[in-house]
Structures are given as structure tokens and as C-alpha cells.
Amino acid sequence: MNKFAQLDHAHVWHPFTQMRDWLRGEPIVIARGQGAVLRDVKGREYLDANSSIWTNLHGHQHPKINAAITRQLKQIAHSSALGFANEPASLLAEKLVSAADPKSKTATAQLRKVFFSDDGSTALEVALKLAHQYALRTCGKKIRPKILSLDGAYHGDTIGAVSLGHIDLFHKAYGGMLFPTDKVMSPYCYRCPFNRARPERNDARKYRKCHWECVGKVEQKFSAQKKKGNPYAAFVFEPLMQGAAGMIPQPSGWLGQVTEIARHHGALLIADEVMTGFGRTGVTCHVDDRTIADVVKRPASAKLFATARVGIVPDFLCVAKGLTGGYLPMAATLTTQKVFAAFLGEYEEFKTFFHGHSFTGNQLGAAAALASLEILQSAASVRARARLQKQMHEELQSLWALPQVGDIRQVGLVAGIELVKDWRTRQPFALRERAGIRVCEAMAKRGVLTRPVGNVIVLMPPYCTTPAQVHQMISALGAAVKSALKN
Ligand SMILES: Cc1ncc(COP(=O)(O)O)c(C=O)c1O
């Protein structure tokens with residue numbers, strides 16, 4: 001076994017990993033990356049089909065991001081945001097608010113303030129603490145601010161973020177440590193009890209037969225909580241697609257309806273764009289050659305955030321993962337002037353937001369993020385993303401021929417492929433059958449790396465992935481399903 005693999009086995013404890021299984025095999029030790037390709041210490045090459053757990057946007061070793069980090073390194077790597085400002089963090093805050101809120105330059109802009117932190121979980125913690133304090137300060141000390149999130153929600157692994165989560169497998173073990181939150185039905189069309197449609201060879205959102213009962217459930221939940229005299233302080237959601245819940249896409253119109261209900265009931269909106277941000281949900285809903293040409297002519301029209309794409313400006317927008325192009329751990333929580341104002345006062349009033357991290361506003365991260373934003377806003381990147389979105393859609397159609405493919409759900413540049421025993425019955429594989437893991441292992445043998453969410457295979461390629469590489473990813477997935485799940 002390679003020396004680094006031995007050291008890993010001796011000392012490293014991997015996240016979300018059954019270490020007994022891990023210690024049975026020889027790990028792939030990644031040594032280099034270039035574009036969408038990862039290379040291990042033995043010189044084998046793999047496609048990075050989940051963008052290194054949903055972080056990488058433009059590929060590895062992007063010359064512009066490398067150069068930006070190197071330039072910044074010659075100035076300073078890090079100084080504290082406790083007491084000091086710095087150039088790249090100030091510039092980045094301005095660029096983030098203008099990307100997130102199209103009105104940022106006008107008096108009616110909502111998102112104006114940026115609190116930097118380290119990762120997706122901390123971005124959510126910041127939003128939670130701010131929303132909690134804001135509710136207490138504006139509604140009086142009598143209320144007990146309560147938060148509503150979606151069934152299957154995953155918002156990170158710190159205690160606050162876990163409290164928002166509703167995936168028993170991940171979250172139940174921490175029961176005693178968490179604060180109570182409520183959950184409401186999320187629109188999982190493929191397995192929705194209200195969807196009367198029989199399975200078809202199509203994305204379940206397209207052939208569902210229902211009366212928007214899922215929206216009705218949200219209304220009922222808000223009304224019931226209001227009747228208790230303690231309306232929800234905030235509603236937390238991933239816009240357009242819930243990631244770790246199983247790549248669950250929202251049917252067109254759902255997000256607008258439920259955020260309107262939440263607003264109507266006075267709840268703050270916390271949008272978790274840790275996965276969906278920075279162009280991941282695509283340049284437009286549908287890409288054909290004409291829309292590609294249109295967006296390329298006006299690259300600024302390609303919205304970078306899912307919320308901006310559907311015209312929603314939340315009270316908190318949480319970003320991380322792709323913020324630095326997937327290079328460095330950095331996160332941000334964007335919020336409104338209204339929330340900010342609730343924390344202003346004389347020193348001795350102690351209205352200060354008492355929260356912070358040592359690396360808040362880190363210069364290297366901010367320099368990488370600025371370079372990444374510049375790439376994202378270029379016509380070349382918009383064109384590449386539109387083409388990738390279109391090609392993924394076309395190639396994914398080939399997978400419908402496999403009886404173990406129940407649903408293929410694509411939102412922009414993310415696709416979730418749900419594996420089932422037989423598409424005609426939608427019968428799921430039991431988790432202990434490790435269907436998703438087996439398929440991903442078979443894909444790795446074919447030179448494609450990704451990680452499943454239960455029985456859902458995730459394809460989330462870097463935006464620089466070439467047509468030949470997309471073809472390889474999807475063919476490897478088809479072949480892996482055939483070999484790993486043959487009866
Ligand atoms: C939607 C969402 N929110 C938050 C997180 C937590 O991010 P991190 O792992 O950077 O703490 C994740 C991680 O996958 C996520 O997908």
C-alpha cells in the first residue's frame with residue numbers, strides 16, 4: 001500500500017464513513033487535479049463527477065484562481081477581521097450583494113450586509129443566530145422563536161445546523177443535544193403520497209398528478225403555528241433543489257408559493273444556497289440553442305443564485321462550497337439592512353452580534369472568490385455552463401433504458417439519478433443493500449468519481465467538463481448500474 005494510504009489508515013478518521021469498511025480497502029490517494037480530472041498517486045486518472053463534494057466550479061488548477069491566490073499570498077495570507085478590514089474581503093462583500101440582489105445599487109435593495117465565516121454549517125449558524133436575535137428584538141421577549149425547515153433537510157453538521165436537519169440517519173443520534181424545530185412536507189414528486197400518476201420514463205415533476213397538496217401543507221403548518229400565538233420566526237430552505245435530501249427538485253412554482261406563504265405569516269426567509277449557489281442551478285430553466293445565444297449575449301442575465309433566478313430576495317442568503325471556486329474554506333451569510341439595524345446601539349446596550357471565527361474574512365479565500373466570480377460572470381463561462389446543462393440533459397436520457405433507474409432529476413448542472421428495484425413499482429433498495437455505494441464503486445473502476453446520497457447517484461461536474469468527459473461520466477454510470485445491480 002502506498003505510504004500516504006498507510007498513514008491515512010493509521011491516523012485519519014474520514015467524515016460520514018464507516019471506518020471499518022474504509023480500513024478494509026486501499027484508499028485512492030489524490031495527488032493532483034487539472035480541470036475536471038483528478039489523478040492519484042499511482043498515476044490513475046478519474047473524472048471529478050461531483051466536483052469534489054459540490055465545491056469545485058471551474059475545474060482544478062484554474063489559472064486565474066491560481067494567479068489570484070498567488071498574488072494575494074505575496075501581500076498577506078490572513079489578518080483578523082476582529083478590529084481590521086481588508087481589501088479582498090471588502091471587494092468581495094460588494095460583489096456578493098450585487099450578484100445576489102439585482103437591486104443592490106438602489107435604495108430598495110434588501111441584501112446589503114455580509115458576515116463571513118468558514119463553511120456551509122457556519123453560514124447557517126450565523127443566519128440562525130441572527131434570525132433568533134432579530135425575532136426577540138423585534139417581537140418582544142415573550143416569544144420563543146421557532147424555525148420551520150423542510151422534510152429531509154440537511155443544513156450542515158454543527159449543532160444549530162443539525163437542529164434544522166430532518167434526516168434521521170444523520171441527525172437522530174444527536175437528539176438530546178438539539179433545539180426543537182418543526183418540519184414540513186417537501187415536494188418530492190417521485191415519492192409524493194399525493195402524486196396519483198403511475199411511474200413513467202420521465203422526470204416525475206413533468207408527469208405528476210396532484211393538486212399542490214404540498215403547498216397546502218406549508219400553509220397549514222404556518223397557520224397552526226400562528227394559532228398557538230408563536231408564529232414561526234423563520235423558514236429555512238434550499239431553493240430549487242434539496243441536495244443531501246436526495247437531490248430533490250422542486251416543481252416549477254412551488255418555491256414562489258411557499259415563500260409567499262412564509263412572508264405572509266411574517267417569517268424571515270433563510271435561503272441555504274450552499275449547494276445551489278454560483279450558477280449550479282443553471283443559466284435558465286430550459287436550454288436550447290436560442291436561449292444559449294441569448295444568455296451569452298447578456299452574461300449578466302445568467303443569475304448566479306437560485307433565489308435570484310426565481311425573483312426571491314431572502315432575508316438571509318447562505319453561501320459556501322463554491323464561493324472560492326472550491327479552492328478554500330470560506331462562507332458568507334448575506335442579510336438585510338433591516339436585520340443589521342436591529343444590532344445597532346450604544347456599546348453598553350450590548351446589541352452587538354456576539355459571534356465570529358478566527359478566519360472570518362480571510363484574504364486568500366476572498367481573493368480566490370473574487371477571481372471565481374469574475375470567471376462566472378464571463379461570457380465564456382456562461383456559454384460553457386449552458387452547453388454543459390444541455391448536454392447533460394441529452395445524455396441522461398440514455399439511462400431511462402435501465403429498469404433500475406426510477407427517476408432522473410436535473411436542475412441546471414446537478415442531476416440526481418434515483419435507483420430502484422424496478423421502475424414500474426418504484427420499489428426502493430433497502431439502505432443496507434448499498435445500491436448507491438455499489439454503483440459508485442463500479443463507476444470508480446471506470447474512472448469516474450462521485451458519492452451517492454442513499455440510492456441516488458449524484459452528477460455535479462465542474463463547469464469546465466468537456467463534451468467527451470460528460471459522455472464518459474454518463475456512460476460509466478449506465479455501465480456501472482448494469483454491472484453492480486444485475487439481478
Ligand atoms: C445545503 C447545504 N447546506 C449546508 C451544508 C454544510 O456545508 P459544510 O459541509 O461546508 O459545512 C451542506 C453540505 O453539504 C449543504 O449541502
Side-chain angles (χ1 to χ4, degrees), residues 13-17 48 50-57 100 115-129 131 147 149-167 169-171 174 178 181 183 186 188 234-250 255 269-281 304-307 314 316-334 355 357 359-360 362 365 368-369 372 409 411-416 450-454 456 458-460:
W13 191 339
H14 288 261
F16 285 99
T17 301
D48 188 1
N50 76 350
S51 293
S52 296
I53 208 69
W54 319 352
T55 58
N56 191 286
L57 299 184
F115 195 97
F116 286 112
S117 61
D118 307 336
D119 52 44
S121 306
T122 55
L124 266 294
E125 293 288 333
V126 168
L128 266 179
K129 282 186 169 177
I147 294 181
S149 50
L150 293 174
D151 203 1
Y154 174 80
H155 296 289
D157 291 331
T158 50
I159 291 302
V162 172
S163 298
L164 297 174
H166 300 292
I167 301 179
L169 183 67
F170 299 169
H171 299 146
Y174 306 107
L178 309 176
T181 61
K183 68 175 175 188
S186 72
Y188 185 3
F235 176 49
V236 187
F237 55 93
E238 283 183 84
L240 296 184
M241 188 177 229
Q242 272 183 285
M247 294 301 150
I248 299 182
Q250 296 150 10
L255 188 58
L269 299 180
I270 303 179
D272 178 346
E273 295 232 31
V274 169
M275 178 192 81
T276 58
F278 303 105
R280 196 42 88 175
T281 60
L304 292 186
F305 297 100
T307 39
F316 301 94
L317 181 75
C318 305
V319 297
K321 289 192 184 275
L323 169 60
T324 60
Y327 268 60
L328 289 157
M330 183 180 216
T333 306
L334 280 60
H355 181 104
H357 304 277
F359 285 100
T360 289
N362 169 262
S372 173
R409 23 192 201 253
V411 174
L413 302 156
V414 195
T450 185
R451 217 181 141 85
V453 179
V456 178
V458 176
L459 289 182
M460 201 184 297

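By convention here, the first residue in the shown sequence is residue 1. Indexing begins at 1, ligand by ligand and atom by atom, following the structure's order.
Judged by distance alone, with hydrogens and angles left aside, the side-chain atoms of Thr324 form no donor-acceptor pair with the main-chain N or O of Ala368 at under 3.5 Å.
For Ser186, the side chain to side chain donor-acceptor pair (under 3.5 Å) test picks out Gln242, with sequence neighbours left out. In this structure Asp119 satisfies the salt bridge (charged side-chain N to carboxylate O under 4.0 Å, His left out) test with no other residue, sequence neighbours excluded. With sequence neighbours excluded, the residues satisfying side chain to side chain donor-acceptor pair (under 3.5 Å) with Glu125 are Thr158.
Residues of the protein with a heavy atom under 4.0 Å from ligand 1 are Trp54, Asp119, Gly120, Ser121, Tyr154, His155, Gly156, Glu238, Asp272, Val274, Lys321, listed by chain and number.
Asp157 pairs in a side chain to side chain contact (heavy atoms under 4.5 Å, CB included) with only one of the listed residues (Tyr174, Phe16, Phe170), which is Phe16. Under the side chain to side chain contact (heavy atoms under 4.5 Å, CB included) test applied with Met460, the options Ile53, Val414, Asn56 reduce to a single match, Val414.
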